[in-house]
J.: 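My questions all concern the structure below.
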Amino acid sequence: MVQLQKVHGSQNKFFLLDQTQLQNPLTKNELVNLAQQITNSATGLLKGADGLLVISNSQHSQAIGKMQVINADGSFASMCGNGLRTVGRYLAEKFHKKSFKVETMQSDLRVSCQPDWAQNVKAVSVEISPVSFAAADLPFTNLGCSELLNQAVPEFAPKLTFSAVAVPNPHLISLVSDDVLKSDLLANLGTKLNHKNPYFPDGVNVSFAQVLSSGHLFVRTFERGVGFTNACGTGMSATSLIYALTNQSENLFDKLLTVLNPGGFVQTKVHRTANSYWIELIGNATVTHYIDVAESTLHQKQPDFNNFKITTTSENEAYQNFIAMNNN
Ligand SMILES: N[C@H](CCC[C@H](N)C(=O)O)C(=O)O
């Protein structure tokens with residue numbers, strides 16, 4: 001038997017599979033197929049999820065494990081902030097460690113368990129990096145610039161300004177008013193830039209953010225490979241960086257920021273390095289279900305989800321209560 005988990009960070013939901021449990025680890029194609037099937041909101045498991053997080057052994061001496069991120073549509077992503085918190089909690093419990101590094105597609109990232117946010121609400125801090133504004137690192141093209149920081153892009157929306165940053169997955173960000181946030185502009189732009197388009201050949205996560213007060217943001221993200229999610233960890237981290245960069249007078253670097261999202265909230269800290277930045281993302285790492293299944297079922301083209309034995313935890317209830325009490 002193999003045990004999967006259903007997890008969430010700010011209610012950005014994932015299935016988590018530790019491949020080291022398997023006699024025969026799933027191939028890349030089998031992982032893509034499993035991700036597409038299990039996350040389907042209609043025909044998948046437990047009403048689906050936003051993606052599949054795959055854990056395997058790392059060959060890097062300083063990392064205690066490796067995380068791969070597969071979006072609901074089967075596309076691989078180089079990073080997942082909410083997901084890394086849940087992977088960090090899983091590895092902390094597996095190896096009885098509090099702080100360590102996890103190998104991701106581009107770098108080994110620091111993870112450290114934090115004091116619980118409330119009873120049954122575990123919290124983890126993760127490093128979001130590397131950060132790049134270079135067009136080639138998103139990639140983006142046809143915008144008449146090699147970096148996009150707080151500039152008008154009429155082709156996207158007439159009156160807004162946009163920033164593009166890779167952390168290292170690609171993000172397009174605009175700080176907007178309340179009514180723009182409530183309009184269908186984000187859905188339209190997110191959909192357009194994640195289908196064949198002249199600007200983002202690999203697609204892009206699109207976030208609209210509203211500054212609620214100094215150090216307090218609300219961020220909504222249309223995610224590449226998924227669509228709207230309750231929260232996007234790299235999106236909230238990238239938005240915190242843009243907020244700090246475009247409001248230098250407020251000295252927001254190294255300060256604890258609060259970022260609200262439709263699924264709750266996280267905290268971020270934007271750090272400067274010699275020639276770049278990195279962002280600390282702190283938030284819940286919640287296990288909603290333990291799922292026991294025979295290994296052979298995971299290799300099937302059409303896994304029968306009735307063969308997955310579900311154990312529901314009390315953590316989601318604890319999280320919902322926590323958010324209700326702290327809806328600042
Ligand atoms: N959809 C993203 C990957 C998941 C990132 C998000 N769920 C997060 O928490 O950072 C992409 O294709 O780049």
Side-chain angles (χ1 to χ4, degrees), residues 10 79 81-82 106-107 109-110 125-140 143-181 185-186 189-190 193 199-200 204-222 231-261 265-283 328:
S10 274
M79 187 41 197
N82 290 321
Q106 278 201 29
S107 56
L109 300 175
R110 280 165 290 168
S125 168
V126 298
E127 171 190 0
I128 305 289
S129 84
V131 168
S132 171
F133 289 91
D137 290 337
L138 270 281
F140 71 77
L143 290 177
C145 56
S146 59
E147 288 193 357
L148 186 67
L149 183 57
N150 201 22
Q151 293 176 31
V153 184
E155 304 93 315
F156 292 168
K159 298 199 247 352
L160 303 183
T161 60
F162 290 92
S163 303
V165 61
V167 294
N169 60 336
H171 289 273
L172 179 70
I173 291 151
S174 185
L175 300 179
V176 303
S177 65
D178 189 43
D179 51 8
V180 168
L181 195 65
L185 182 60
L186 179 54
L189 192 56
L193 298 180
Y199 308 106
F200 291 93
V204 63
N205 300 286
V206 188
S207 293
F208 280 3
Q210 193 187 357
V211 180
L212 302 171
S213 62
S214 180
H216 265 74
L217 297 175
F218 178 90
V219 179
R220 193 167 179 233
T221 305
F222 185 99
C232 177
T234 48
M236 295 185 283
S237 302
T239 302
S240 299
L241 171 59
I242 299 304
Y243 175 45
L245 282 171
T246 53
N247 292 271
Q248 301 266 1
S249 59
E250 294 191 43
N251 283 322
L252 297 162
F253 289 96
D254 302 317
K255 277 211 182 107
L256 199 60
L257 308 178
T258 299
V259 185
L260 280 73
N261 53 67
F265 70 92
V266 298
Q267 296 175 322
T268 59
K269 252 188 203 173
V270 183
H271 300 276
R272 279 174 287 212
T273 64
N275 54 5
S276 186
Y277 307 89
W278 67 279
I279 303 115
E280 202 176 338
L281 171 68
I282 308 151
N328 41 15

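None of these values were measured; they are calculated from a predicted model. When a residue number appears, it is its place in the shown sequence, counting from 1.
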J.: Determine whether Leu256 and Ile282 make a side-chain contact, defined as any pair of heavy atoms from C-beta on separated by less than 4.5 Å.
T.: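 A side-chain contact exists here, since the closest heavy-atom pair is under 4.5 Å.
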J.: Between CD1 of Ile242 and OG of Ser163, what distance do you get to the nearest 0.5 Å?
T.: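 That separation rounds to 4.0 Å.
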J.: For Gly215 versus Tyr243, what's the shortest heavy-atom pair and its separation?
T.: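 Looks like N-OH, 3.0 Å.
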J.: What is the minimum heavy-atom distance between Phe156 and Leu193, and which atoms define it?
T.: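 Shortest heavy-atom separation between Phe156 and Leu193 comes out as CE2-CD2, 3.9 Å.
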J.: What I'd like to find out is whether the side chain of Leu175 reaches to under 4.5 Å of the side chain of Thr246, using heavy atoms alone.
T.: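 Touching, per the 4.5 Å side-chain cut-off.
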J.: Measuring from Asn261:CG to Ser207:OG, what's the distance to the nearest 0.5 Å?
T.: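 Here the interatomic distance stands at 10.5 Å.
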J.: Does any part of the side chain of Thr273, heavy atoms only, come nearer than 4.5 Å to the side chain of Trp278, both counted from C-beta?
T.: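 They are in side-chain contact.
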J.: Determine whether Val131 and Val167 make a side-chain contact, defined as any pair of heavy atoms from C-beta on separated by less than 4.5 Å.
T.: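 Answer yes - side chains close enough.
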J.: Working to the nearest 0.5 angstrom, can you tell me the gap between Ser177 OG and Leu160 CG?
T.: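 One gets 7.5 Å once the value is rounded to the nearest 0.5 Å.
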J.: Quick check: does any side chain N or O of Thr221 sit under 3.5 Å from a backbone N or O of Ala231, one acting as donor and the other as acceptor?
T.: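 Not a single qualifying donor-acceptor pair exists.
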J.: Could you tell me whether the side chain of Phe208 reaches within less than 4.5 Å of the side chain of Leu185, counting heavy atoms only?
T.: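 Yes; the side chains approach each other to less than 4.5 Å.
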J.: To check you understand the geometry: which heavy-atom pair defines the closest contact between Glu127 and Leu109, and what is its length?
T.: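 So the two residues come closest at O-CD1, 3.4 Å.
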J.: For Phe222, which of Leu189, Leu186, Asn205 qualifies under side chain to side chain contact (heavy atoms under 4.5 Å, CB included)?
T.: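 Result for side chain to side chain contact (heavy atoms under 4.5 Å, CB included) with Phe222: Leu186.
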J.: Hey, could you give me the CD/CD distance between Gln267 and Glu280, rounded to the nearest 0.5 Å?
T.: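 Between atom CD of Gln267 and atom CD of Glu280 there are 9.5 Å.
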J.: Which atom names give the shortest non-hydrogen contact between Pro130 and Ser107, and what distance separates them?
T.: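 It is CD-OG, 3.6 Å.
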J.: Please list, chain by chain and in numerical order, all residues satisfying side-chain hydrogen bond (donor to acceptor under 3.5 Å, both in side chains) with Ser174, sequence neighbours excluded.
T.: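 So Ser174 forms no side-chain hydrogen bond (donor to acceptor under 3.5 Å, both in side chains) with any residue.
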J.: Starting from the C-alpha separation in whole Å, work towards a yes-or-no answer on side-chain contact (heavy atoms from CB on, under 4.5 Å) for Met236 and Ile279.
T.: CA-CA 10 Å; Met236 295 185 283; Ile279 303 115; over 6 Å; no
J.: When rounded to the nearest 0.5 angstrom, what is the spacing between CD1 in Ile173 and CZ in Phe162?
T.: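 The distance works out to 11.0 Å.
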J.: What closest approach, in Å, do Gly190 and Val206 show between heavy atoms, and which atom pair accounts for it?
T.: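 Of all heavy-atom pairs spanning Gly190 and Val206, the closest is CA-CG2, 3.9 Å.
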J.: Between Asp254 and His271, is a side-chain contact (heavy atoms from CB on, under 4.5 Å) present by the stated rule, with each step listed?
T.: CA-CA 5 Å; Asp254 302 317; His271 300 276; 3.1 Å; yes
J.: Closest approach of Leu172 and Val204, non-hydrogen atoms and distance?
T.: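 Closest approach of Leu172 to Val204: N-CG2, 3.5 Å.
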J.: Between Val153 and Tyr199, does the side-chain contact (heavy atoms from CB on, under 4.5 Å) criterion hold? Intermediate values first, please.
T.: CA-CA 11 Å; Val153 184; Tyr199 308 106; 5.9 Å; no
J.: Mind checking whether Val126 and Ile128 have side chains closer than 4.5 Å, heavy atoms only?
T.: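 Heavy-atom side-chain distance check passes, below 4.5 Å.
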J.: Does the side chain of His171 pick up a donor-acceptor pair with the side chain of Thr234 at under 3.5 Å?
T.: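 Side-chain D/A pair, His171 to Thr234: present.
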J.: Quick check for you: to the nearest 0.5 Å, what is the distance between Phe218 atom CZ and Thr258 atom OG1?
T.: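 Spacing of CZ (Phe218) from OG1 (Thr258) equals 14.0 Å.
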